[in-house]
Amino acid sequence: MTPTNHVDLTAIMTALGGRQAMQDVLGVGASAISNYVARGSVPTHVRSKLYNALTARGYQVRLDDLSIICGPDAATSPAAKPMILLIIGGGIAAYKALETARQMQRLGLDVTGVMTKSAGQFITPLSVAALTNQKCYDDLFSLTDEAEMGHIRLARSADLVLVMPATANLMARAASGLADDLATTILLATTAPILMAPAMNPAMWAHPATVANLEVLRQRGVHMIGPTEGDTACGEIGSGRMSEPADIAAAAFELAVKRPQTLAGKTAIVTAGPTVEPIDSVRFIANHSSGKQGYAIAALLAARGASVTLISGPVTLPAPAGVKRVSVQTAAQMQAAVNAALPADIAICAAAVADWRVAEARHAKLKKPDHQNAAGMQLTLIENPDILASLGQSDQRPKLLIGFAAETEDVLENATAKRSRKQCDWMIANQVGAADDPVFGSDQNHIMLISETAVETWPRMLKTELADKLAERITMEFLT
Ligand code: CTP
């Protein structure tokens with residue numbers, strides 16, 4: 001998907017009166033529409049037909065991406081790209097704001113930079129301005145800026161205010177409601193959602209003052225991403241390392257883009273992450289699933305208005321905004337949580353469920369066998385319940401049941417067989433395990449969507465983009 005010419009076909013379809021109406025306008029069948037949706041773009045002759053049909057119905061439409069500026073009843077929808085006000089705090093992680101800005105632009109977001117005074121010790125306004133193609137603001141009292149765009153207008157023009165790195169000092173000032181520079185003034189004046197990506201020394205993060213500030217900010221609805229565990233710039237290991245730019249950009253994208261509420265009233269279950277099957281009290285069987293794809297899907301379904309239960313194995317990701325998360329460890333627990341969340345209109349099984357569990361997991365630590373008669377350790381494995389397959393056979397089968405097939409070879413053949421074996425509507429297949437193309441833990445994915453009648457090959461894209469496209473595709477299934 002190229003953000004500049006991506007066409008939101010779901011919104012257009014809704015405006016035209018549904019899928020059949022769009023087929024009639026274009027004089028094509030359902031599969032052609034599915035292909036356009038899969039590609040996220042339409043050929044030029046189709047674009048002009050859609051443009052003419054929409055304008056004939058009284059819509060004001062942008063010619064380049066067919067986004068609807070204004071409906072016949074003058075109800076407006078955002079024509080411009082969502083705008084992120086990127087507040088850069090004064091920490092060593094400030095340089096990562098540049099990469100995050102680039103990633104957000106890739107996702108079709110406009111970025112305007114605001115720097116605190118101390119951020120200027122780490123990066124320059126010039127580099128931010130050059131990268132974002134926008135003036136970078138850093139001074140509350142600059143008359144030129146106030147003449148061009150007052151700080152209140154700047155704060156109000158944002159679809160999301162992103163603070164990164166959110167230093168201990170910036171968080172403390174925001175929590176106390178100070179407005180002693182442009183950054184904190186914007187945080188007080190904005191009505192847009194706020195996302196903070198904290199970064200600091202682990203002891204500062206754990207300090208009761210920071211913990212209290214975090215609580216205050218959270219209670220006021222500020223979204224947080226990270227920090228994560230790992231090496232911090234000061235050489236100490238612990239929690240305080242800022243989340244990676246790709247993850248921050250994805251979270252910003254999910255929060256900033258106002259999507260049509262096309263899935264309002266629908267319920268969805270999403271499974272995500274690995275399951276962890278104990279061997280004894282200290283060891284377990286698990287896999288490399290990061291949960292990123294399932295989490296992104298849950299977030300993007302919720303962004304379109306669905307009521308989403310995310311049933312997750314152990315991962316390090318925060319629960320997406322507006323999603324109910326149920327945390328589990330084992331496949332058996334995941335299945336119980338899925339059953340408890342039924343009935344649902346949609347179920348998407350993105351979890352990498354362990355196929356096997358140890359027959360008799362020990363409560364104590366297993367000891368090495370006696371060396372004199374060591375014959376190797378034998379574990380008896382028994383098969384775990386297949387959650388997707390049991391949903392396929394359930395009396396409460398969701399109307400749309402989607403599985404993921406991670407294959408190392410013969411992807412299409414294996415995934416097609418898996419789709420019919422597990423009785424799901426769509427199987428989303430991808431190749432895993434290639435040394436030069438990791439999917440586990442990566443921010444990108446490329447898939448085939450296999451249904452009973454067709455196979456769509458989607459280009460490589462960010463997992464967030466894929467989730468957005470899938471949510472759009474799911475919406476189409478529910479349009480009459
Ligand atoms: N799945 C599930 N419960 C299981 C195993 C898999 O719900 N016990 C779901 C996964 O969430 C995924 C789909 O089934 O949506 C396919 O998972 P995959 O691991 O590719 O297939 P398996 O059935 O495990 O088959 P195999 O490992 O032999 O390829």
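Read the numbers this way: they start at 1 and go in the same order the structure lists the ligands and their atoms.
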- Worked verdict on M13 versus I33 for side chain to side chain contact (heavy atoms under 4.5 Å, CB included): CA-CA 10 Å; M13 200 177 294; I33 305 276; 3.8 Å; yes
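- For residues 277-287, the salt bridge (Lys or Arg N to Asp or Glu O under 4.0 Å) pairs, not counting sequence neighbours, are D280-R283.
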Write out each pair where an N or O from ligand 1 and one from the protein are under 3.5 Å apart, with the distance.
| from | atom 1 | to | atom 2 | distance (Å) |
| --- | --- | --- | --- | --- |
| ligand 1 | 3 (N) | I387 | N | 3.0 |
| ligand 1 | 7 (O) | I387 | N | 3.3 |
| ligand 1 | 7 (O) | L388 | N | 2.8 |
| ligand 1 | 8 (N) | P385 | O | 2.8 |
| ligand 1 | 11 (O) | C349 | O | 3.3 |
| ligand 1 | 11 (O) | A351 | O | 2.7 |
| ligand 1 | 14 (O) | K422 | NZ | 2.9 |
| ligand 1 | 15 (O) | C349 | O | 2.6 |
| ligand 1 | 15 (O) | F404 | N | 2.9 |
| ligand 1 | 15 (O) | F404 | O | 3.2 |
| ligand 1 | 20 (O) | A406 | N | 3.2 |
| ligand 1 | 20 (O) | K418 | NZ | 2.7 |
| ligand 1 | 21 (O) | K418 | NZ | 2.9 |
| ligand 1 | 23 (O) | K422 | NZ | 2.5 |
| ligand 1 | 24 (O) | D355 | OD1 | 2.8 |
| ligand 1 | 24 (O) | D355 | OD2 | 3.2 |
| ligand 1 | 27 (O) | D355 | OD2 | 3.1 |
| ligand 1 | 29 (O) | K418 | NZ | 2.8 |

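- Between the side chains of Q335 and S390, at least one donor N or O lies within less than 3.5 Å of an accepting N or O.
- A cation-pi arrangement, defined by a distance under 6.0 Å to the six-membered ring centre and an angle within 45 degrees of its axis, is present between R259 and F253.
- Residues K266 and I474 are not in side-chain contact: their nearest non-hydrogen atoms beyond the backbone lie 4.5 Å or more apart.
- Remark: R473 is not positioned above the aromatic ring of W458, lacking an NZ or CZ atom under 6.0 angstrom from the ring centre and at most 45 degrees off the axis.
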